[in-house]
Amino acid sequence: MAYDVVIIGSGPGGYVCAIKAAQLGLKTAVVEKNATFGGTCLNIGCIPSKALLHASEMFAEAGHAFDMLGIEVGAPKLNLKKMLAHKDATVASNVNGVAFLFKKNKIDSFRGTGKVIGAGKVSVTGEVSVTGEGGKVEEIETKNIVIATGSDVAGIPGVKVDFDEKVIVSSTGALSLAKVPGSLVVVGGGVIGLELGSVWARLGAKVTVVEFLDTILGGMDGEVSKQFQRLLSKQGFEFKLGAKVTGVAKSKKGASVTFEPVKGGAAETIEADVVLVATGRRPYADSLGLKEAGVEMDERGRVKSDGHLRTNVPGIYAIGDVIAGPMLAHKAEDEGVAVAETIAGQAGHVNYDVIPSVVYTSPEIASVGKTEEELKKAGIDYRVGKFPFSANGRARAMLHTDGFVKILADKASDRVLGVHIVGFGAGEMIHEAAVLMEFGGSSEDLARTCHAHPTMSEAVKEAALATFFKPIHI
Ligand code: NAI
């Protein structure tokens, strides 16, 4: 039986694409090599890490903040097994949810490794292949193919790292450590390093981050990175910046990390019980038969795609981490929707200028649009408006006064070009900025929109007031 669309990979890009395609009346199938649907995000990424981030944040709050609120519970006791079980249960309910949605939308699934064997043909190899009709299937015919195979741990370029996922771990092992390490060295001060470093720091590990750049969260607004580094230092993080890691090896204590100053100088080695290597991810396009099928790749091993997510081979599309752009689940989801709409004859589109990004630490970091550095580089005249949470009533009531909101707007038109938030709940607050920017709104539009009192979001309104004129409460 021929399908309208076969999607290889069931992560947020692939599974959302499948559901949208089925909703639009296309005969749809998904090929997935793992035992469960949901890809990295649901199984070993966003979802389990958020379960641990939430639980460890509650643990830290119980230890530090409860007393200040007049709640005397004594020192909280950690039951790590139970915390990890909560994470596993969260993963299970999410991956089962995807299986349910596939059934509900009459999407066939093939368990096995998918390979493109030419336009219109996908092979599946593996122990079990399941279709809506049952039985083992080795070749599927389809009018369209969507590559949604995501990404994998990149490791450190030029450095041999033997991940055992117990002492030298990637993000996968860092989600399941059997006990809290006394010391944890994190290689890479990016999103994964700071999120998972936060989990173990809150549970008692001494965390040291070794980062190549002079700043953590490279690419974020400079003011945000600086203030966030200060806040993490207060939480006990130690930073070695401008340090290039040249070796990671097992040692008597656990593992050792060797690094040298990027600007030159003597190498240094530090020991730790556990080392987390979080130096980025690489697109996963191995053994997919893309080269043989004539699909072009770029210089960084990503599948080349055009503005409509089409590859150079008619009928083959690619979405998510396997193509260019930020490696974010929600970017992949939106691309999945756009491809399904395009295949169904509609006008699928993704606005890459308005893709929010959130770091789920404490406090959270959220941003959308341009950073101040990007505007400077592009020679765009802008206005800045800022407001600190220390001047927000709700933040004071909740003891969450760390951080600020920063808005960047075009000087001539007042159109909002970027919003950056450091603060409790930043990941939820950022979306009013995203909606505003989708509609091409100005800082005055945002400031004149009534915001409920008392909320943390009033700081967004105040920062908008500060952008085009003056804030009220400072
Ligand atoms: P990343 O690219 O965010 O950070 C990697 C860091 O490692 C960089 O700062 C880089 O300068 C540093 N580095 C590279 N080589 C080094 C060396 N030899 N020595 C010292 N430092 C070195 O990558 P990360 O954190 O692994 O995350 C991978 C992807 O997953 C990212 O694209 C990220 O956006 C995504 N992700 C997103 C999350 C979110 O949105 N909340 C959560 C987790 C991951």
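Keep in mind that this is a model prediction, so the values were computed, not measured. We count ligands from 1, going down the list as the structure has it; atoms in each ligand are counted the same way. The figures that follow rest on heavy atoms only: side chains count, while hydrogens, waters and symmetry mates do not. Position 1 is the first residue of the sequence, and the numbers go up from there.
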Among all protein heavy atoms, pick out the one at the shortest distance from [atom]; state its residue, atom name and that distance to 0.1 Å.
{"atom": "atom 7 (O) of ligand 1", "result": "G188 CA, 3.3 Å"}
{"atom": "atom 21 (N) of ligand 1", "result": "F212 N, 3.1 Å"}
{"atom": "atom 28 (C) of ligand 1", "result": "R281 CG, 3.5 Å"}
{"atom": "atom 5 (C) of ligand 1", "result": "A278 O, 3.4 Å"}
{"atom": "atom 38 (C) of ligand 1", "result": "V191 CG1, 3.3 Å"}
{"atom": "atom 17 (C) of ligand 1", "result": "V245 N, 3.7 Å"}

[X] heavy atoms, cut-off 4.0 Å: which ligand 1 atoms fall inside?
{"X": "M327", "answer": "32 (O), 34 (O), 35 (C)"}
{"X": "E195", "answer": "41 (N), 42 (C)"}
{"X": "A243", "answer": "19 (N), 20 (C)"}

Taking heavy atoms and a distance under 4.0 Å, where does I156 meet ligand 1: side chain, backbone, both or neither?
side chain
Would you please indicate if the ring centroids of F37 and F102 are separated by under 6.0 Å?
yes
Is P326 near ligand 1, meaning one of its heavy atoms is under 4.0 Å from it?
no
